[in-house]
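Please read through the structure below; I'll follow up with questions.
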Amino acid sequence: MKTHGAGTLRAADVGSEVTLAGWVGRRRDHGGVIFVDLRDASGIVQVVLNPEEAPASEQELSSLRMEFCISITGTVRLRPGDMANPDLPTGDVEVAVDAMTVLSPSETLPFQINDRIEVDEARRLQYRYLDLRRPSMTENLRARSRTIRAMRDVMDALGFMEIETPTLIASTPEGARDMLVPSRLRKGNFYALPQSPQLFKQLLMIGGVERYYQIARCYRDEDLRADRQLEFTQLDFEGSFWGQEDVLDTLESVSIKVTKELRGVDLDRPFPRLTWHEAMERYGTDKPDIRFGMEIVDLSETFGATGFKAFSGVLASGGSIRGINAGPLGLSRSGLDGLSSRAQELGAKGLVWMVTEEAGGFRSPVAKFLSAGELDGIGAALGAKPGDVLLLVADEMRTVLEILGQIRLEVGQPDGHDELAYLFVVDFPVFERNEDGDFVALHHPFTAPVDVREMSEDPGHAISKAYDLVLNGSELGSGSVRIHDPAVQAKVFETLGISDEDAERRFGWFLEALRYGTPPHAGFAIGIDRLVAILQNAPNIREVIPFPKTQSGGDPLTGSPARVEDDQLRELGIEPRPEVKAEWAAGEEAGD
RNA sequence: GGGGGCGUGGUGAAGUCUGGAGUUCACGCCGGCCUGUCAAGCCGGAGAUCGCGGGUUCAAAUCCCGUCGCUCCCGCCA
């Protein structure tokens, strides 16, 4: 039906008789000659409809409208004179049309197919099939496809086997909410959709596979965000007789290949590494954006003997005083006070700002409470130059780091940086405490501790063989060396407060599997949506997902999620609870 | 569960703070003119439940209450 892609034609094709098919992007009707930007999946080329040259009826030509699906046959020719369009890859040529067929007309569009106009996202999703015709969306889909292809190339070259694991699995009452699927054959029972292929890939290691990967769809029934959907795609992989270095090495190979493919950039390896502790201390987060400095500095010693009560009180109660040098922000007094309110909004008691003056000294609401030695100490510790804004927070240490980490991101304007800063964060703690003070697994309970005895003696400070891949302040994925010793696994469950009976009931089948010669193994999962979104400079992952859900978990195009017939529920042995039925009835009354 | 932003012809915005005739701009749509444009140009035209419901007022896009939708964030996301 077509001999060429519209976007592929070049000066070398001049003279060729071509048949093209695609959509009318724009139409420029000069009364006689009509120019049409013919768009297909490969790009855009200008075609020229001239009633003197082509036999097509004038009526047909003038009836051409936006987004009509047409096919044309014609001859590629150089554009006359200085008519080339340097903005178009095909801009040196055009196609003189001999014959045109309207394959399929289009009604007037609900919105223009155009990268220049931002259309309300609900509308875009309702007509996603039109939205996908926009060049930026087409390009995002292609980038995603190339990413996955590059990943497969790397994994195949490294000898990994691509294996599919089931998506109808047993729910494990840990971690995120499971997406549930009712079973008809076993009424009252439910499958869960996988949050990750974790246990299955470990079973594959026990099964002797040694190197596995999968482009895996994963599901988590939690609230959506710019970087979170109910379902998302990961490059999931695992290797036997492997340790952390093998995994990080593989991650570098994948990241380098994908980055080269999408950005044409050659990354240096090895990637920088920070321990979790360093990341928290220097950037106030476990996923630092290292495209800019502005690191957090501990000032507690500077204020060891301070007379400033707000600070001395914090130190006396075991807290910490830290600051960042935000550089010359160019903020007015009210702008600086705005940062203080922002810090309070984030949960700080307050934030002290100090502007470094030309003559030395500081302009700050608290300067008069601080000694000359303290002021000098701050300036030195933060490397203050005239005009620099210093921001200080005094509070419990964890709070200080979190607040400064967040403020750092907000005043650091990382979006202005074009580079790609990949980074490994390693040596995560095994456990963290939840709000009740109980230990919970920071990563997941199958993560190997660095030292088992240390973990038993001081679980709060135990380090695990877990690591994250971070890109520009986004967590791209997590992995770990897994526990392959049933005794260690039992110890972890014990620390988590999971009784033997509980562990047996939830994971008994897995614990048993560990007892049959389990090889040491380790792995990782990279979030493909996030990776492609960042590399494509997309503001959220919906831009790189063809049919995403809205924040309330719906699809405006197909109307999912939707109610089902009573018969379907009956067959499944399910009935909505009374309060749900009441809500339905209320909705119907309101004309929902 | 909580906090913020947004909702105005088909699309995008201005108007809302400080109530006074559905006013304005760009694109699209319809009609006309036009043979070298490429976001074509020029002329004319149509197109609105100002998300929805209620309230205050002589008068509501504008103020108040409620509600729905979209979005950003916190919680949550082993």
Side-chain angles (χ1 to χ4, degrees), chain A residues 25-38 44-53 61-62 65-67 79-88 90-91 94 96 106-127 130 172-178 195-196 198-199 218-230 232 342 345-347 402 406 409-410 428 430-432 434-435 439-447 464 466 475 478 480 492 496 498 506-507 527 539-540 542 549-554 556 586-587 590-592:
Chain A
R26 300 199 69 90
R27 174 185 54 108
R28 293 177 292 279
D29 184 346
H30 288 251
V33 66
I34 299 174
F35 299 100
V36 167
D37 287 338
L38 185 72
I44 289 173
V45 72
Q46 171 167 287
V47 303
V48 185
L49 302 142
N50 190 325
E52 287 175 8
E53 297 172 4
L61 291 184
S62 60
R65 291 292 180 269
M66 296 268 244
E67 296 304 314
R79 295 203 191 184
D82 57 352
M83 300 298 173
N85 182 349
D87 299 330
L88 222 51
T90 61
E94 61 187 13
S106 171
E107 293 184 6
T108 299
L109 302 166
F111 55 83
Q112 285 159 261
I113 293 175
N114 186 328
D115 278 337
R116 284 186 304 280
I117 291 181
E118 254 183 64
V119 180
D120 179 66
E121 194 163 348
R123 175 86 41 184
R124 289 175 55 201
L125 291 180
Q126 184 186 349
Y127 295 95
L130 296 178
T172 51
E174 294 279 339
R177 259 182 224 102
D178 279 323
Q195 296 180 30
S196 85
Q198 182 62 33
L199 293 178
C218 304
Y219 304 81
R220 290 180 193 174
D221 190 5
E222 297 292 347
D223 286 359
L224 293 82
R225 287 274 202 292
D227 61 352
R228 280 164 29 189
Q229 283 273 307
L230 297 176
F232 57 101
R342 176 64 183 142
E345 209 174 283
L346 291 167
E402 265 174 32
Q406 185 59 39
L409 286 180
E410 291 176 14
F428 275 74
V430 183
F431 306 107
E432 64 181 344
N434 64 14
E435 61 272 17
F439 285 118
V440 294
L442 188 65
H443 191 55
H444 58 57
F446 312 105
T447 300
S464 71
E475 180 196 318
S478 300
S480 63
V492 169
L496 289 170
I498 300 173
R506 295 180 189 178
F507 305 113
N540 62 63
R542 297 185 298 277
K549 307 279 188 286
T550 66
Q551 195 157 37
S552 59
D592 180 25

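A note on names: the letters A, B, ... follow the listed sequences, proteins ahead of strands, and every chain is numbered from 1. It should be emphasised that the depicted structure is a prediction, and the values quoted were computed from it without experimental measurement.
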Rounded distance in Å - CG (Asp178(A)) to P (C76(B)):
18 Å

Please state the P separation for the pair G7(B) and C50(B) - nearest whole angstrom.
14 Å

Expressed as a whole number of Å, how far does the C1' atom of U8(B) sit from that of U62(B)?
11 Å

Below 4.0 Å: OP1/OP2 of A40(B) and any side-chain N or O of Arg28(A)
yes

With respect to the phosphate group of G28(B), does any side-chain polar atom (N or O) of Arg65(A) fall under 4.0 Å of OP1 or OP2?
no

Specify the separation, in whole Å, of atom CD of Gln46(A) and atom C1' of A40(B).
11 Å

Applying salt bridge (Lys or Arg N to Asp or Glu O under 4.0 Å) to Asp120(A) and not counting sequence neighbours gives none

So Asp221(A), base contact, sugar-phosphate only, or nothing? Heavy-atom distance under 4.0 Å.
nothing

I want to check one thing: is the phosphate of C72(B), taken as OP1 and OP2, less than 4.0 Å away from some side-chain N or O of Arg542(A)?
yes

Taking A61(B) as the reference, what is the distance to C74(B) when you measure between their C1' atoms (whole Å, please)?
32 Å

Regarding the side chain of Asn85(A), the nearest nucleotide among U37(B), A39(B), C38(B) is C38(B)

Mapping Leu88(A) and Asn540(A) onto RNA chain B by nearest heavy atom, which one lands closer to the 5' end?
Leu88(A)

Mapping Gly32(A) and Gly553(A) to their closest nucleotides on RNA chain B, which lands nearer the 5' end?
Gly32(A)

Separation of C29(B) atom C1' from Asp29(A) atom CG, nearest Å, is 15 Å

Rounding to an integer number of angstrom, what distance separates G12(B) and C17(B) when you compare their P atoms?
23 Å

C30(B) P sits how many Å from Glu107(A) CD, rounded?
12 Å

If the C1' atom of C73(B) is compared with that of G22(B), how far apart are they to the nearest Å?
36 Å

Does anything in residues 25-34 of chain A pair up under side-chain hydrogen bond (donor to acceptor under 3.5 Å, both in side chains), and if so which pairs, sequence neighbours excluded?
Arg28(A)-Asp37(A), Arg28(A)-Gln46(A)

Can you tell me, in whole Å, how much space there is between the P of U67(B) and that of U16(B)?
27 Å

Counting the atoms with a prime plus P, OP1 and OP2 as sugar-phosphate, which does Leu442(A) contact under 4.0 Å by heavy atoms, base, sugar-phosphate, or nothing?
sugar-phosphate

Re C42(B): Watson-Crick or G-U wobble partner, both distances kept under 3.5 Å, found to be G32(B)

Verify the stacking flag for His30(A) against G36(B): centroid separation must be under 5.5 angstrom and the ring planes must differ by under 30 degrees.
no

Determine the interatomic distance between C1' on A60(B) and the same-named atom on C65(B); round to the nearest Å.
15 Å

Checking the side chain of Arg542(A) only, and the main-chain atoms of Thr550(A) only, is there a donor and an acceptor separated by less than 3.5 Å?
no

Which word best sums up how the rings of Phe439(A) and Phe431(A) line up, parallel for under 30°, tilted for 30 to 60°, or perpendicular for over 60°?
tilted

Salt bridge (Lys or Arg N to Asp or Glu O under 4.0 Å) against Glu402(A), all qualifying residues, sequence neighbours excluded
Arg398(A)

Considering only G36(B), C77(B), C70(B), which nucleotide approaches the side chain of Pro80(A) most closely?
G36(B)

Could you please name the partner base of C6(B), counting Watson-Crick and G-U wobble pairs only when both distances are under 3.5 Å?
G69(B)

Strictly distance-based, threshold 3.5 Å: is any side-chain N or O of Gln229(A) a donor or acceptor partner for the main-chain N or O of Lys549(A)?
yes

Main-chain N/O of Ala176(A) paired with Gln195(A) side-chain donor or acceptor, under 3.5 Å
yes

For the side chain of Arg228(A) and the base of C76(B), is some donor closer than 3.5 Å to an acceptor across the two?
yes

Table of protein N/O atoms under 3.5 Å from nucleotides 8-12 of chain B N/O atoms:
residue, atom, partner, partner atom, Å
G10(B), O2', Pro110(A), O, 2.7
G10(B), N2, Gln112(A), OE1, 3.4
U11(B), OP1, Arg123(A), NH2, 3.3
G12(B), OP1, Asp120(A), N, 2.7

Given that both distances must come in under 3.5 Å, which nucleotide forms a Watson-Crick or G-U wobble pair with G20(B)?
C58(B)

Among U71(B), C76(B), A39(B), the one nearest any side-chain atom of Arg26(A) is A39(B)

Should Ser478(A) and His444(A) count as side-chain neighbours, where that means a heavy-atom distance under 4.5 Å?
no

Give a yes or no on whether a donor-acceptor pair under 3.5 Å exists between the nucleobase atoms of U37(B), that is its base, and the side chain of Arg27(A).
no

Without decimals, in angstroms, what is the distance between Gln126(A) CD and G7(B) P?
19 Å

Rounding to the closest angstrom, what is the interatomic distance between U23(B) and A48(B) at atom C1'?
13 Å

Could you check whether Ser552(A) gets within reach of a base, just the sugar-phosphate, or nothing at all, counting any heavy atom under 4.0 Å?
sugar-phosphate

Give the rounded distance in Å between these two atoms: CG of Asp227(A) and P of C77(B).
15 Å

Rounding to a whole Å, what distance do you find between Leu230(A):CG and C76(B):C1'?
13 Å

Return the set of residues passing side chain to side chain contact (heavy atoms under 4.5 Å, CB included) with Arg225(A) (not counting sequence neighbours), or none when no residue passes.
Asp223(A), Asp227(A), Arg228(A)

Looking only at side-chain N and O atoms, does Arg225(A) come under 4.0 Å of OP1 or OP2 in U71(B)?
no

Integer-rounded Å distance: C74(B) P and Leu409(A) CG
11 Å

Which residues pass the salt bridge (Lys or Arg N to Asp or Glu O under 4.0 Å) test with Glu432(A), sequence neighbours left out?
none

